[in-house]
There are 2 protein chains.
Amino acid sequence: MNIGDASKQSNLPPKTIRYYEDIGLIKPLRDANGYRSFRERDVHKLVFLARSRALGFTIEDCRNLLALWDDQTRASADVRAIAQDHLSQIENKITDLQAIHNTLSQLVHDCAGDHRPDCPILKTLETFPKTT
Amino acid sequence: MNIGDASKQSNLPPKTIRYYEDIGLIKPLRDANGYRSFRERDVHKLVFLARSRALGFTIEDCRNLLALWDDQTRASADVRAIAQDHLSQIENKITDLQAIHNTLSQLVHDCAGDHRPDCPILKTLETFPKTT
DNA sequence: ATAGGGATTCCAGTCACTGGAGGGTCAAGG
DNA sequence: CCTTGACCCTCCAGTGACTGGAATCCCTAT
């Protein structure tokens with residue numbers, strides 16, 4: 001299977017697939033003409049990668065998850081640890097974003113948004129304390 | 001004022017301040033010895049930048065906000081538009097992260113996390129549909 | 001004179017791709 | 001047989017917003 005079909009099956013752009021080969025996440029074969037030749041196993045890995053990335057795992061997370069996936073003797077605890085760690089990071093990020101959202105939506109709410117030069121948003125950006 | 005003091009007052013690392021000068025966000029003067037010399041106005045801008053960045057505005061947003069801040073005749077509507085746009089992006093991001101959080105916490109919950117090789121997390125990464 | 005702490009520039013690396021140039025390969029139609 | 005157009009290849013450079021490090025210079029105090 002050529003890269004175009006692998007791309008369609010995995011929903012990853014060809015550029016990204018080549019990049020994943022570059023950094024050693026997949027190792028497709030090569031045809032005589034130099035074209036990459038993707039086996040079922042390669043496509044399966046690409047699908048796995050697409051989904052892991054969609055859940056926000058980093059490439060290094062993915063590399064570890066793939067290694068565990070390949071390893072028939074892995075302990076599920078190892079996988080769980082990676083996922084749990086990632087989950088905490090997501091929770092922190094959501095908390096941060098919600099704080100930012102609160103501050104910013106208050107600002108937008110307070111702003112008349114008319115033609116006058118007086119703007120509470122800019123005023124606050126000058127003066128509000130770091131920890132709000 | 002030297003860069004070290006400007007750094008302390010704005011809570012930005014010196015490297016970042018030099019970078020902000022590189023990309024034209026601030027224009028400190030220079031002393032005879034080549035050291036950057038920060039006026040009140042420069043430090044004020046740095047504080048503004050630190051706070052805007054902490055609220056997640058991009059550098060280009062900040063550039064626009066600073067221009068508006070400098071412009072005595074600006075309309076508050078212009079500022080509000082940037083903030084409103086940014087707010088929508090934050091809302092989208094929170095929604096995405098919450099969906100990811102739901103999926104992932106379910107996975108972690110389902111996973112025994114013991115020494116056995118059977119792992120529902122890896123299984124799901126192979127098979128769950130893109131739009132969950 | 002020397003030691004330290006600060007300042008300078010410039011180059012390179014991060015993360016995860018993405019865009020583009022410049023070229024080779026293949027199947028179908030004229 | 002030739003051309004067209006859709007693929008495919010590699011390699012280089014750029015993104016955003018810094019950050020690290022090397023090599024060097026400046027200033028102050030002992």
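First the proteins, then the strands, lettered A, B, ... as listed; each starts at 1.
In this structure, the nucleotide among D:dT10, C:dT25, C:dG6 sitting nearest to the side chain of B:Tyr35 is C:dG6.
In this structure, A:Ser10 contributes its side chain and A:Val47 its backbone to no donor-acceptor pair below 3.5 Å. The backbone N or O of B:Pro28 lies less than 3.5 Å from no partner atom in the side chain of B:Arg36, so there is not a single donor-acceptor pair.
Atom-to-atom, CG of B:Asp22 to C1' of C:dT9 comes out at 10 Å; the value is rounded to the nearest Å. In this structure, B:Met1 atom CE and C:dG6 atom P are separated by 16 Å, rounded to whole Å. Nucleotide D:dC9 holds its P atom 13 Å from the CG atom of A:Leu29, rounded to whole Å. Rounded to whole Å, atom C1' of C:dC17 lies 13 Å from atom CG of A:Leu25. Rounded to an integer number of Å, the gap from CD1 of A:Ile17 to C1' of C:dC17 is 13 Å. Atoms CD1 (A:Ile23) and C1' (C:dC17) sit 9 Å apart, rounded to a whole Å. If you take CG of A:Asn33 and P of C:dT25, they are 8 Å apart, rounded to a whole angstrom. Between B:Asp31 atom CG and D:dC25 atom C1' there is a gap of 15 Å when expressed in whole angstrom units.
Residue B:Ser76 holds its OG atom at 11.5 Å from CG of A:Asp110, rounded to the nearest 0.5 Å. The line from OG of B:Ser7 to NZ of B:Lys15 is 13.0 Å long, rounded to the nearest 0.5 Å.
Side-chain atoms of A:Gln106 and A:Asn102 include no donor-acceptor pair closer than 3.5 Å. A side-chain N or O of A:Gln89 and one of A:Asp85 form a donor-acceptor pair less than 3.5 Å apart.
A sub-4.0 Å separation between OP1 or OP2 of C:dG6 and a side-chain N or O of B:Arg18 is absent. Contact between the side-chain N/O atoms of A:Arg36 and the OP1/OP2 oxygens of D:dC9 is found at a separation under 4.0 Å.
With sequence neighbours excluded, the residues forming a ring pair (Phe, Tyr, Trp, His ring centres under 6.0 Å) with B:His86 are B:Phe57, listed by chain and number.
Note on the helix from C:dA1-D:dT30 to C:dG30-D:dC1: terminal axis deviation equals 30°, with five pairs used at each end and the result rounded to 10°.
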Pairs under 3.5 angstrom, nitrogen or oxygen only, protein versus nucleotides 11-18 of chain D, please.
{"residue": "D:dA17", "atom": "OP2", "partner": "B:Ile59", "partner atom": "N", "Å": "3.4"}
{"residue": "D:dA17", "atom": "O3'", "partner": "B:Arg53", "partner atom": "NH2", "Å": "3.4"}
{"residue": "D:dC18", "atom": "OP2", "partner": "B:Tyr20", "partner atom": "OH", "Å": "2.6"}
{"residue": "D:dC18", "atom": "OP2", "partner": "B:Arg53", "partner atom": "NE", "Å": "2.8"}

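Classification of A:Lys93 and A:Asp96 as a salt-bridged pair fails, no side-chain N sitting under 4.0 Å from a carboxylate O. Between B:Glu21 and B:Arg18 there is no salt bridge, since none of the side-chain N atoms of the basic residue sits less than 4.0 Å from a carboxylate O of the acidic one.
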